[in-house]
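A quick write-up on the structure given underneath.
If you're wondering where the values come from, they're calculated on a predicted model, not measured in any experiment. Sequence lines set the chain letters: A, B, ... in the order given, protein chains first and strands last, and positions in each chain run from 1.
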2 protein chains.
Amino acid sequence: MTGKLHMTVEERLRAVGQRYTSKRRALVEALATSPNPVAVPDLLAGDRGLPQSSLYRNLSVLEQAGAVHRVVPDEGFARYELAEDLTQHHHHLVCRSCGTVQDVTVPRGLERQVERARSEVESRTGFSAVSHRLDLIGLCRSCA
Amino acid sequence: MTGKLHMTVEERLRAVGQRYTSKRRALVEALATSPNPVAVPDLLAGDRGLPQSSLYRNLSVLEQAGAVHRVVPDEGFARYELAEDLTQHHHHLVCRSCGTVQDVTVPRGLERQVERARSEVESRTGFSAVSHRLDLIGLCRSCA
DNA sequence: CTTCCTGCAAAAGTTTTGCATTAAC
DNA sequence: GTTAATGCAAAACTTTTGCAGGAAG
């Protein structure tokens, strides 16, 4: 089921000279299981006592390997999710009040238009974009 | 020149029961002068010794009053800019390497389509959006 | 004269690092 | 056997808070 995922992650870690240990596998599993980006305390609680230093270090390694992506909310802990190319391209609903981040997809036409705007901006400014981020900021259902 | 700006900021502060002191005026002046969001250390250096506690407090007050907006990069200090309705709607080019944030505007058609997607997402998910954030992530000209 | 702002210092909260031990290859 | 991962504890870094004095309305 998640076999292909683990293989891909392992490859990416190897490419950066890192090992795919059982702790890292469990971490990827936790991220793959969650429907939304997971905050650090939730990962600490969920993984039955993986110490925070290892957690942060593993998240950092996985991020450098391009397997995990970090989402920074305005307040509090960072949240982590699998890299987009391991799941599917999506965007975020960020709650101003409680900080939760919820995944959402937007119409394909909008994505296309963002891509078009990207190349326009690149040639106009000299900035070289590798990705985009389109978030809606507001209040989640429970905070509204 | 910036008279209208200061009047507007003063109104918004009053509306929250806050005063528009000379330090806050200087802060708004500094933000209005910069073409890009300014990081905290730059504000500390620029304002000839405004202590960091007052700086953070004033930024927080101005943000609550809706006069200033906080931009959170992936690493390091937060950056601040004037609220969008005091300048003009724009987006950001965020450099992955050095963290700088550069303002950019995108074609109006894209903005319209984002608004359309917003209402679609709101009715589909129950999330109530108050604004959106569309950033391009990549490498600025000097880091490329 | 009452309320809010300021500045200093110290605390808080999140993330990173040093080091000895253990596990992976 | 060599190199890297782990876990503990302590440090680092950004931001927030307490409190005494000063300024604004």
* Asked: With sugar-phosphate meaning primed atoms plus P, OP1 and OP2, does S54(A) contact a base, only sugar-phosphate, or nothing at under 4.0 Å between heavy atoms?
  -> base
* Do nucleotides 18-23 of chain C as a string where each nucleotide becomes B, S or -: B if the base has a protein heavy atom under 4.0 Å, S if just the sugar-phosphate does, - if no protein is that close. => B-----
* Check whether any side-chain N or O of Y56(A) sits under 4.0 Å from OP1 or OP2 of dT16(C), and answer yes or no. => no
* Write down the distance between CG (L13(B)) and C1' (dG25(D)), rounded to a whole number of angstrom. => 15 Å
* Between E81(B) and H90(B), is any side-chain donor less than 3.5 angstrom from a side-chain acceptor? -> yes
* Of all the choices, dG7(D), dT15(D), dT6(C), which nucleotide is nearest to the side chain of K23(A) once you look at every atom? -> dG7(D)
* Structure fact -> Terminal axes of the helix from dC1(C)-dG25(D) to dC25(C)-dG1(D) (5 end pairs apiece), angle rounded to 10 degrees, sit apart by 40°
* Asked: Please give, in whole Å, the distance from dG7(C) P to N58(B) CG?
  -> 9 Å
* Structure fact -> Only residue of N58(B), L62(B), L27(B), V9(B) satisfying side chain to side chain contact (heavy atoms under 4.5 Å, CB included) with V68(B) is L62(B)
* **Atom pair distance, as rounded to whole Å: CG in L50(B) and P in dC5(C)** => 14 Å
* Asked: R14(B) CZ to dG25(D) P: how many Å, rounded?
  -> 7 Å
* Measure the distance from CG on L44(A) to C1' on dC8(D) and round it to the nearest whole Å. => 14 Å
* Could you state the CG-C1' distance from L59(B) to dT14(D), rounded to the nearest angstrom? -> 13 Å
* Please list residues of residues 61-80 of chain A whose heavy atoms come under 4.0 Å from any atom in DNA chain C, ordered by number; otherwise none. => R70(A), F77(A), A78(A)
* Asked: With a non-hydrogen cut-off below 4.0 angstrom, is Q18(B) in contact with a base, only sugar-phosphate, or nothing?
  -> sugar-phosphate
* **Ring center gap for H91(A) and H132(B) short of 6.0 angstrom** => no
* **Steps toward side-chain hydrogen bond (donor to acceptor under 3.5 Å, both in side chains) verdict (H89(A), E111(A))** => CA-CA 10 Å; H89(A) 181 61; E111(A) 296 290 355; 2.9 Å; yes
